[in-house]
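Here the structure comes first, spelled out in structure tokens, and everything after it is commentary.
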Amino acid sequence: MLYGDWCTRMGFDGFFLGRIDYQDKVAREEKLKMEEVWRGSASLKPPTADLFTGVLPNNYNPPRNLCWDVLCADHPLVEDPKSPEFNAKTLVSYFLQLAYSQQQYYRTKHTVMTMGSDFQYENANMWFKNMDKLIRLVNKQQAEGSQVHVLYSTPSCYLWELNKANLTWSVKEDDFFPYADGPHMFWTGYFSSRPALKRYERLSYNFLQVCKQLEALAGPAATTGPYGSGDSAPLNEAMAVLQHHDAVSGTARQNVANDYARQLAAGWGPCEVLVSNALAMLSHEKQNFSFCRELNISICPVSQKSEHFQVTIYNPLGRKVQQMIRLPVNDGIFFVKDPNGKTVPSNVVMRPNSYSKRYQWDLLFPAFVPALGFSMYSVAKVTAATSQAYRLRARSKKSRSHVLFIENEYIRATFDSGTGLLMKIENMEQSLSLPVSQGFFWYNASTGDGKSSQASGAYIFRPNHLKPMPVSRWAQVHLVKTALVQEVHQNFSAWCSQVVRLYPGQRHLELEWMVGPIPVKDGWGKEVISRFDTPLKTQGEFYTDSNGREILKRRRNHRPTWRLNQTEPVAGNYYPVNTRIYISDGHTQLTVVTDRSQGGSSLQDGSLELMVHRRLLLDDGRGVQEPLMELGTGSTVLGRHLVLLSSVSDAAARHRLLAEKEILAPQVVLSQGGSSPYYYWAAPRTQFSALRQDLPPQVHLLTLARWGPKMLLLRLEHQFTATEDSGRKLSSPVTLNLQNLFQAFTITELQETTLAANQRLSEASRLKWMTDSGLISYPAPSKLDPTSVTLRPMEIRTFVARVKWQESS
């Protein structure tokens, strides 16, 4: 859904796709709905999010028998009647029959023949030599009464002819997931394939936004400064490459996936230089900045080896945040001071799954960071080892009490003392209590059977059985309780463990899981899920997000616009989960926010599951030509699920703001040793915000980036739909004064553009379509007033601003 919405905002007139579910395509052909208007948002007034969308007749492939490339086996067109290979008459007759047959499924007299394909466009000369002959010979048949005229064309020309037909088109308001190209061939495995790469992409997006923002806030000083030449372009380009449909999807070969990761890693370096230059300029102080890229495996040399170090925390959100900072350290006691020099609470706690490892302690302290700005905290080690009393309090220990629980002022999580599994979550703020059982299971991946030879692979999810096997029916449990964190460490097996965690002030439960390497020596490929079971009466319904914005209702064994013959009850009910999935009984809602894209579903009422990892023995025959068998760093995956229990009425406010904070979490930069002034006349600045006031909760700062020598690109989005009010007017329009919003620079000129920022909005024009959903008005864009910019639910507005950066004095 969101893809169509974005296309309209960029100014596109239409969208053509090849792959839709095979049953959906048959239904569309019968109903003459191969072409419709796709409405990408129910919150935006039509035709704002309306995109004309067509389904191509042959996927994106040439018609059968008409593939002329070095990798094709079809015969070339031979028009010499004396040749023993003469086939021109047969191919022309076949083409005419094909054209008439194909056109009957479309509403106009125009139809498309796609020539070439992703594996069959290596020799253009072969293609055009044969197509030139075919076009000439087919058009020659008009003299014999044929009504078929063939010409080279483009999608734009075809779309223009459809628009000139002046027809009324039906409207599609759902999406195209899940997709199957056969009864046992659901492409729902790639939602979860290569979870380590999917997480690296999400982290890189976070760091790229930090890099772009600081480049915009510091101006030219960010790209040329005391740390060298900084540049956001390499990471920007690597991230663009990773959006390829065989990259972040996890459907590339292992060596290609490794190269995608290599490109991301190479892009981080120039951004680290840029961030260092910008932080030095904005803080008025040059420090020995260090970036801990390996915090996911608890390695950070500065925090682990230094007696004194500085922690700079940058917040890329448009409102202030409180964040629990967690850094690996050697055993000891530390003092932490805030930007004003005041001591803040801190704890040293044992790290999960590290009871025999060298690096086994984490330093925790709460940090407060202003909107679009930073706070600097100082850390000093005061003793080399903790006292015995402190050790007893902070170390993990086996619980001896009958009732095992962790809690803060808002949430209590209770565990079964016999099995060690989660059994109940309570929202004490709203007096809600829900039995919740959570555990890890695995589906045995199919290698083919009597119904179909289709195996599970990088694309395809096909389990052998409907019910998954538990990784373990119980967990070895350790309990950690300090003033700053309460944790239950669960060990399910040698390759699966989890920490259930609560920080003070946190309104969600954090589940940090570690899975892998998945054992496959038994000859069974495994697809691992985390499953939550509750007594909620959900009537077969659950909800998933569409790229982090729109929320779509899903219904088990059902499709909104066509009758489904369900042949794979598990894989056929899996959907992409980019940031969240939830279930509800109309009063209580259980939401799980993810830290990467995953596949998810609700296969039983009250149940919710997410696939966290998969390791398979066979290729699925979709072009990868190797099994999804990750080795090395991709074989073990660390991830988080954030669990929210709340009333339905305020659930949107909770999960939208939580997902925003998860995607754009604060960036932590360390430094050690001495420092020197950036400006000899300016005092060091230990806290800074680039905004004069926080953005309201409805508004998300989507983009702030350099767009030229004195230009910035600014995108703002309203992140709530029209029906998510939550009693706080979060679905109401919001008006901002952009002229007085930023204090790092002054906007001297502002132009509104399309989403891609390559066309002035006032000059943008799209084709107009008549739909069967009623009359649509096309109001002219209003005159832009920088002091009064209004955002309506789900609206994104894009601006190019000429700015003047503030000079330090």
Side-chain angles (χ1 to χ4, degrees), residues 2-3 5-6 191-192 195-214 232 235-236 238-240 242-243 248 264 268 271 275 295-296 313-326 369 371-373 506-508 510-512 543-551 576-582 591-598 600 610 612 637-644 651-668 694-695 697-705 715-721 724 730 794 796:
L2 186 61
Y3 182 83
D5 181 17
W6 281 352
F191 300 158
S192 309
L197 184 64
K198 283 177 164 64
R199 178 58 181 164
Y200 197 15
E201 186 272 347
R202 191 67 59 88
L203 286 172
S204 297
Y205 170 79
N206 182 316
F207 190 51
L208 177 61
Q209 297 312 308
V210 169
C211 184
K212 286 183 173 182
Q213 288 181 6
L214 285 169
S232 61
L235 184 55
N236 198 42
M239 279 293 294
L242 208 70
Q243 304 316 304
V248 69
L264 286 179
W268 277 59
C271 258
V275 169
L295 280 176
N296 63 314
I313 305 140
Y314 177 81
N315 171 24
L317 294 182
R319 65 193 131 269
K320 60 180 176 292
V321 298
Q322 178 181 357
Q323 183 81 2
M324 188 65 72
I325 304 301
R326 192 167 190 136
V369 194
L372 202 65
Q506 189 171 277
R507 286 181 165 87
H508 63 271
E510 179 180 320
L511 278 62
E512 184 179 75
Y543 299 79
T544 65
D545 71 296
S546 177
N547 281 359
R549 278 175 52 80
E550 298 285 346
I551 301 293
V577 178
N578 297 115
T579 61
R580 77 211 77 170
I581 181 172
Y582 64 80
T591 307
V592 180
V593 174
T594 66
D595 68 346
R596 73 201 74 195
S597 294
Q598 297 175 326
L610 288 156
V612 297
V637 180
L638 180 73
R640 294 195 308 156
H641 288 150
L642 310 181
V643 182
L644 281 163
R654 293 174 182 252
H655 69 67
R656 285 203 177 273
L657 297 179
L658 179 61
E660 179 194 33
K661 185 180 176 183
E662 173 66 21
I663 292 170
L664 287 178
Q667 179 69 37
V668 176
D694 285 12
L695 292 175
Q698 301 98 314
V699 179
H700 172 54
L701 178 63
L702 189 61
T703 306
L704 178 62
R715 291 192 186 98
L716 296 165
E717 71 166 328
H718 194 305
Q719 59 181 343
F720 286 82
T721 70
E724 294 177 334
L730 296 176
M794 284 287 106
I796 300 175

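Residue indices begin at 1 and follow the sequence shown.
Side chains of Glu660 and Gln719: a donor on one and an acceptor on the other come within 3.5 Å.
Judged by distance alone, with hydrogens and angles left aside, the side-chain atoms of Lys212 form no donor-acceptor pair with the main-chain N or O of Thr703 at under 3.5 Å. Panel note: side chain Asn315, backbone Gly373; no donor-acceptor pair is recorded below 3.5 Å. The closest donor-acceptor contact from the side chain of Asp545 to the backbone of Thr579 lies under 3.5 Å. The backbone N or O of Lys320 lies less than 3.5 Å from a partner atom in the side chain of Asp694, making a donor-acceptor pair. Checked by atom type and distance alone, the side chain of Gln598 never pairs as donor or acceptor with a backbone atom of Thr594 at under 3.5 Å. The backbone N or O of Leu644 lies less than 3.5 Å from no partner atom in the side chain of Arg507, so there is not a single donor-acceptor pair. A donor-acceptor contact shorter than 3.5 Å links the side chain of Arg596 to the backbone of Pro195.
Annotation: side chain of Trp6 is in contact with side chain of Asn547 (closest heavy-atom distance under 4.5 Å). Under the 4.5 Å side-chain criterion, counting only non-hydrogen atoms from C-beta, Leu695 is not in contact with Leu372. Using a 4.5 Å heavy-atom threshold, the side chains of His700 and Arg656 count as separate. Here the side chains of Asn578 and Ser546 are not in contact, with every heavy-atom distance at 4.5 Å or above. The shortest distance between side-chain heavy atoms of Ile313 and Gln323 does not fall below 4.5 Å. Annotation: side chain of Gln698 is not in contact with side chain of Glu724 (no heavy-atom distance under 4.5 Å). Proximity of Val592 to Tyr582: side-chain heavy atoms (C-beta onward) are nowhere separated by under 4.5 Å. By the 4.5 Å heavy-atom criterion applied to side chains, Lys198 and Tyr200 are not counted as neighbours.
Val210 and Tyr314 make their closest contact through CG1-CD2, 3.7 Å (heavy atoms, listed as atom of the first residue, atom of the second, distance). Residue Leu235 comes nearest to Phe207 through the heavy atom pair CD2-CD2, 4.0 Å, listed as atom of the first residue, atom of the second, then distance. The nearest pair of heavy atoms linking Ala652 to Phe720 is O-CE2, 3.7 Å. The shortest non-hydrogen separation linking Pro666 to Val321 is CG-CG2, 4.0 Å. Here the closest heavy-atom approach between residue Val637 and residue Ala196 is recorded as CG2-N, 4.2 Å. When all heavy atoms of Leu730 and Ala653 are compared, the closest pair comes out as CD1-CB, 3.5 Å.
Using a cutoff of 4.0 Å between basic side-chain nitrogens and carboxylate oxygens, Glu662 and Arg202 are not scored as salt-bridged.
Here SG of Cys211 is found 9.0 Å from CG of Asn236. Values are rounded to the nearest 0.5 Å. One distance of note links CG of Leu203 with CG of Leu264; it measures 10.0 Å at 0.5 Å rounding. To the nearest 0.5 Å, the span separating SG on Cys271 from CD on Gln667 amounts to 10.0 Å. A distance of 9.5 Å separates CD1 in Ile581 from NE2 in His641, rounded to the nearest 0.5 Å. Between Leu658 atom CG and Thr591 atom OG1 the span is 9.5 Å, to the nearest 0.5 Å. Leu702 CG to Gln209 CD: the interatomic distance, rounded to the nearest 0.5 Å, is 7.5 Å.
More than 12 heavy atoms of other residues, nucleotides or ligands lie within 6.0 Å of NZ in Lys661, so this atom counts as buried by the packing criterion.
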Take Leu701 and Leu716 through the side chain to side chain contact (heavy atoms under 4.5 Å, CB included) test and state the conclusion after the steps.
CA-CA 5 Å; Leu701 178 63; Leu716 296 165; 3.8 Å; yes

Where do Arg580 and Leu642 land on the side chain to side chain contact (heavy atoms under 4.5 Å, CB included) test, with the steps shown first?
CA-CA 9 Å; Arg580 77 211 77 170; Leu642 310 181; over 6 Å; no

Please assess Glu512 against Leu638 for the test side chain to side chain contact (heavy atoms under 4.5 Å, CB included), listing each intermediate value before the final yes or no.
CA-CA 7 Å; Glu512 184 179 75; Leu638 180 73; 3.8 Å; yes

Decide yes or no on side chain to side chain contact (heavy atoms under 4.5 Å, CB included) for Asp595 and Arg199, but give the supporting numbers first.
CA-CA 7 Å; Asp595 68 346; Arg199 178 58 181 164; 3.6 Å; yes

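Residues passing the side-chain hydrogen bond (donor to acceptor under 3.5 Å, both in side chains) test with Glu717, sequence neighbours excluded: Arg549. In terms of the side-chain hydrogen bond (donor to acceptor under 3.5 Å, both in side chains) criterion, Asn206 has no residue partners (sequence neighbours excluded).
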